[in-house]
There are 2 protein chains.
Amino acid sequence: MQAAEKERGLSIKEVSQKFGISQDTLRYYEKVGMIPPVTRTAGGIRSYGPADQSWVSLATCMRGAGLPVEVMCEYVKLYRQGDATIRERLQLLIDQRDALMNRKKQIEATLKRLNFKIARYEIAAETGSLPPLSEEDRKRFDP
Amino acid sequence: MQAAEKERGLSIKEVSQKFGISQDTLRYYEKVGMIPPVTRTAGGIRSYGPADQSWVSLATCMRGAGLPVEVMCEYVKLYRQGDATIRERLQLLIDQRDALMNRKKQIEATLKRLNFKIARYEIAAETGSLPPLSEEDRKRFDP
DNA sequence: ATACTATCTGGAGTCAGCTCCAAGTCAAGG
DNA sequence: CCTTGACTTGGAGCTGACTCCAGATAGTAT
């Protein structure tokens with residue numbers, strides 16, 4: 001009776017555990033169109049097949065990197081319109097890649113600054129007070 | 001009359017332009033304690049001296065990288081308590097560095113995924129439809 | 001059939017981080 | 001002194017992304 005008649009999908013609970021995101025969030029993503037409608041059982045219960053899981057995977061990946069929900073919605077919308085939107089989707093992906101690369105640069109700059117401060121604080125933790133900064137250092141990194 | 005009697009600070013407008021953040025946001029940062037109280041003129045108008053600007057610089061840098069306002073508030077609070085909090089501040093900085101490094105990793109993973117998709121879409125833009133993915137590819141990168 | 005748990009829906013609530021507003025002050029020019 | 005425009009405050013409002021809830025339904029074990 002539980003043999004593979006059709007592909008067995010995962011329940012929302014299982015998907016929630018697999019991707020580390022709440023059931024509420026999964027329903028929310030679907031509601032706002034960040035992923036396409038998930039496969040349902042006859043009774044209307046979500047059963048995430050491989051394709052559904054792929055979308056969840058993509059959505060959590062993009063959100064995890066901080067891309068807006070709205071952008072994923074747009075991508076899904078275009079995707080569902082078929083091959084005619086391939087160029088648009090490509091452009092969207094490129095735009096988001098650019099955005100992420102900028103974001104990464106920002107983070108790298110901030111990491112540099114943090115590392116500089118940490119180095120000073122490691123000395124300070126020994127001596128009990130912060131060493132004064134040189135003029136040049138003050139020009140790039142401050143308090 | 002406008003000779004250097006004391007250091008001339010920048011107006012909120014100038015600081016706003018210099019750092020590319022709104023005057024409202026500058027006041028907000030100060031209000032919530034994300035930067036220490038800014039120097040004022042006799043009349044109560046903000047006049048950002050070098051130290052004030054340094055704090056703004058730090059705040060915008062950290063916020064730009066996505067660190068929470070609350071964390072900067074904590075840092076400022078500790079800073080204002082003096083040398084006794086040096087170890088705590090060091091720990092805070094280290095924690096935030098770790099958080100940022102994770103964030104950076106997430107972004108790098110997402111960039112990989114985006115690049116993979118973009119490569120497929122560039123082919124698709126030529127041929128008019130997406131090439132099917134190999135089984136192995138599907139296992140890491142999907143829709 | 002009964003009990004019990006998992007899932008469903010629509011809609012309201014929450015939180016962070018700004019952003020806007022009104023009513024009032026300050027400062028410089030005429 | 002008067003006007004004009006930048007600046008002040010406290011507080012309300014907004015947006016994005018969830019998060020929670022109540023009441024209804026589905027599936028499962030007894």
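From a predicted model like this one, the values you see are computed outputs, not experimental measurements. Lettering of chains follows the sequences in order, A, B, ..., and the numbering in each one begins at 1.
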Please round to the nearest 0.5 Å and tell me the distance separating atom OG1 of Thr25(A) and atom CE of Met34(A). 10.0 Å
Between atom CG of Leu26(A) and atom OG1 of Thr60(A), what is the distance when rounded to the nearest 0.5 Å?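 Reported to 0.5 Å precision, the distance equals 9.0 Å.
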Separation of [N] [atom2] from [X] [atom1] (nearest whole Å):
{"X": "Ile21(A)", "N": "dA17(D)", "atom1": "CD1", "atom2": "P", "answer": "13 Å"}
{"X": "Ile12(A)", "N": "dG27(D)", "atom1": "CD1", "atom2": "C1'", "answer": "16 Å"}
{"X": "Arg40(B)", "N": "dC7(D)", "atom1": "CZ", "atom2": "P", "answer": "12 Å"}
{"X": "Met62(A)", "N": "dA17(D)", "atom1": "CE", "atom2": "P", "answer": "15 Å"}
{"X": "Glu30(A)", "N": "dT19(D)", "atom1": "CD", "atom2": "C1'", "answer": "17 Å"}

Answer yes or no: is there a side-chain heavy-atom contact under 4.5 Å between Cys61(A) and Lys112(B)?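 In short, these two side chains do not touch, never coming nearer than 4.5 Å.
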Pairing donors with acceptors under 3.5 angstrom, does anything connect the side chains of Asn102(A) and Gln106(A)?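 Not at all, the side chains of Asn102(A) and Gln106(A) share no donor-acceptor pair under 3.5 Å.
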Verify the contact: side-chain N or O of [X] to OP1 or OP2 of [N], cut-off strictly under 4.0 Å; return yes or no.
{"X": "Arg46(B)", "N": "dT8(D)", "result": "yes"}
{"X": "Arg27(A)", "N": "dT7(C)", "result": "no"}
{"X": "Ser11(A)", "N": "dT7(C)", "result": "yes"}

Between Glu74(B) and Lys77(B), does any NZ, NE, NH1 or NH2 come within less than 4.0 Å of an OD or OE carboxylate oxygen? yes
May I ask you to decide if the ring planes of Tyr75(B) and Trp55(B) are parallel, tilted or perpendicular, using 30° and 60° as cut-offs?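 Rings of Tyr75(B) and Trp55(B): tilted, as their planes differ by 30° to 60°.
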At under 4.0 Å between heavy atoms, how does the protein contact nucleotides 16-27 of chain C? Give one character per nucleotide, 5' to 3', with B, S or -. -BBBB-----SS
